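Residues take their numbers from the sequence shown, with the count starting at 1. Treat the numbers as computed from the prediction; the structure is a model and nothing was measured.
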Amino acid sequence: MNLLSLLFSAAVVAGAQPVEVTTVVSKTMERRTKLPGEFLPFQTVDLHARITGYVEKVHVDRGSMVKAGDVLVELSAPEMTAQLAEANARIQVIESQKAEAEAKVVAAQSTFERIKAASATPGAIAGNELILAEKAVEAARAVVRSHESAQTAARASVDAQRDLMNYLKVTAPFDGVITERYAHPGALAGPGVREAMLRLEQHSRLRLVVAVPEGDVGGIPRGARVPFSVPAYPGESFSGVIARVSRVLDPKTRTMPVEMDVSNPAARLSPGMYPEVGWPMRRARASLMVPPTAIVTTTERAFVIRVNNGKAEWVDVSRGAPQGDLVEVLGALSVGDTIVKRATDEIRQGSPVAGK
């Protein structure tokens with residue numbers, strides 16, 4: 001007979017009630033619960049015209065798939081066309097004036113060279129004539145430089161006008177789908193017009209927003225892949241990756257919005273759908289776990305029976321979530337405590353017990 005058997009026999013002889021015992025263990029709680037979610041576009045924008053003009057052509061309509069850079073709307077602004085023509089005409093005038101000034105420089109330079117050559121003969125040319133000829137060359141060159149400056153400024157004005165006219169074509173800032181069309185040919189568009197022309201949304205990638213209960217926000221597994229299903233495709237499972245946590249609770253629902261990134265290249269999923277998410281619940285701290293049979297529940301209380309120095313001690317607990325063949329408990333227990341595995345209220349507080 002071994003030592004344990006001898007001790008048990010001695011306890012039985014002493015009148016202690018033999019009980020099957022186990023220990024309180026610590027375990028990180030992981031489970032899944034069904035939470036509702038909502039799909040949102042990954043990007044969405046209401047498109048307005050950057051400059052004032054009239055809608056000439058609308059190349060897309062609701063449901064059109066577009067690529068970044070595609071021309072969506074063309075505007076017309078006759079006054080801008082007139083301003084550009086006027087600026088081009090101004091350049092031509094300046095170029096003509098510059099050519100005339102350059103010809104005068106050539107003539108003045110030629111006159112200066114002849115006078116300079118003649119001045120080599122003493123008494124042939126008065127001294128101030130050479131100086132006047134040289135000053136005439138400098139003045140002609142100054143006129144050319146002024147025309148060059150005017151030409152540069154005029155060309156810059158034309159380039160700016162052309163850049164501005166590029167805004168008469170409204171392009172898509174990213175790949176997506178047109179979900180709303182508000183503009184039609186003849187409508188006025190521009191910064192002063194409150195209503196947008198189009199709404200563009202990115203559906204190839206979606207945001208799935210899930211409202212996580214306050215008690216479970218401490219264990220949100222960032223980067224985890226989470227499954228979900230949608231009523232539109234019964235029996236089919238999809239998944240997304242937990243990407244962003246808002247870090248603020250809704251005071252009305254006591255939930256925290258959490259965003260998942262969902263790849264949607266085939267556009268089978270759509271914003272506005274309400275999926276059911278198999279949300280992973282994980283406690284921020286390890287939980288105390290006991291067998292369900294160790295918990296005694298009466299009309300007044302729930303408790304486990306701890307074996308303390310050979311005597312039964314009732315310890316009040318609250319039952320938590322099940323995890324496999326164990327259940328979470330909250331109470332004045334510690335990891336490693338010895339408790340009665342199959343407890344009953346017939347084992348009275350303070351009665352002698354012997355574990356087996």
Side-chain angles (χ1 to χ4, degrees), residues 25-45 62-68 172-180 199-250 252-289 291-292 319-329:
V25 298
S26 175
K27 190 175 182 180
T28 300
M29 287 289 295
E30 293 185 7
R31 60 187 176 89
R32 290 188 182 272
T33 187
K34 299 295 184 181
L35 293 178
E38 180 182 5
F39 282 121
L40 299 176
F42 194 80
Q43 296 185 87
T44 181
V45 62
R62 180 181 290 182
S64 298
M65 305 294 293
V66 301
K67 296 290 185 181
F174 51 81
D175 296 356
V177 58
I178 303 299
T179 58
E180 294 289 348
R199 174 171 292 176
L200 174 64
E201 297 182 358
Q202 183 181 8
H203 291 180
S204 59
R205 188 179 176 192
L206 297 175
R207 299 174 188 263
L208 174 51
V209 182
V210 183
V212 179
E214 180 181 4
D216 296 304
V217 298
I220 294 175
R222 186 77 63 88
R225 183 165 290 277
V226 180
F228 64 86
S229 60
V230 291
Y233 305 103
E236 190 170 352
S237 181
F238 301 86
S239 66
V241 178
I242 298 175
R244 287 165 292 277
V245 181
S246 67
R247 303 192 181 281
V248 62
L249 286 174
D250 185 324
K252 295 181 179 179
T253 62
R254 307 306 302 172
T255 58
M256 180 179 291
V258 177
E259 282 191 3
M260 296 165 50
D261 286 347
V262 178
S263 179
N264 187 38
R268 299 181 67 204
L269 305 173
S270 300
M273 286 183 173
Y274 289 95
E276 188 177 67
V277 182
W279 192 261
M281 298 297 190
R282 180 182 299 168
R283 296 278 191 239
R285 293 183 178 181
S287 301
L288 298 178
M289 310 293 292
R319 182 190 290 264
Q323 181 76 26
D325 56 354
L326 299 176
V327 65
E328 179 188 22
V329 290

Can you find a pair of side-chain heavy atoms, one from [X] and one from [Y], that are under 4.5 Å apart?
X    : Y    : answer
D250 : P257 : no
V45  : P173 : yes
H203 : S270 : no
L35  : P213 : yes
F42  : D261 : yes
F39  : F228 : yes
L200 : I178 : yes

Measure the spacing between [atom1] of [X] and [atom2] of [Y] and express it to the nearest 0.5 Å.
X    : Y    : atom1 : atom2 : answer
E276 : T33  : CD    : OG1   : 9.0 Å
L40  : E201 : CG    : CD    : 9.0 Å
Q323 : M289 : CD    : CE    : 5.5 Å
E328 : K27  : CD    : NZ    : 11.5 Å

Identify, with sequence neighbours excluded, every residue that meets salt bridge (Lys or Arg N to Asp or Glu O under 4.0 Å) alongside [X].
X    : result
E180 : R62
E259 : R207, R244
R225 : none

> Can you tell me if Y233 uses its side chain to pair, donor with acceptor, with the backbone of F238 under 3.5 Å?
Replying inline: no
On a heavy-atom basis, which atom in [X] and which in [Y] lie closest, and how many Å separate them?
X    : Y    : value
M273 : L269 : SD-CA, 4.1 Å
V327 : G320 : CG2-O, 3.8 Å
V241 : G223 : CG1-O, 3.6 Å
I242 : W279 : CD1-CH2, 3.6 Å
T255 : A211 : OG1-CB, 3.6 Å

> Of the options L249, V210, V248, which is the one that meets M256 in a side chain to side chain contact (heavy atoms under 4.5 Å, CB included)?
Replying inline: L249
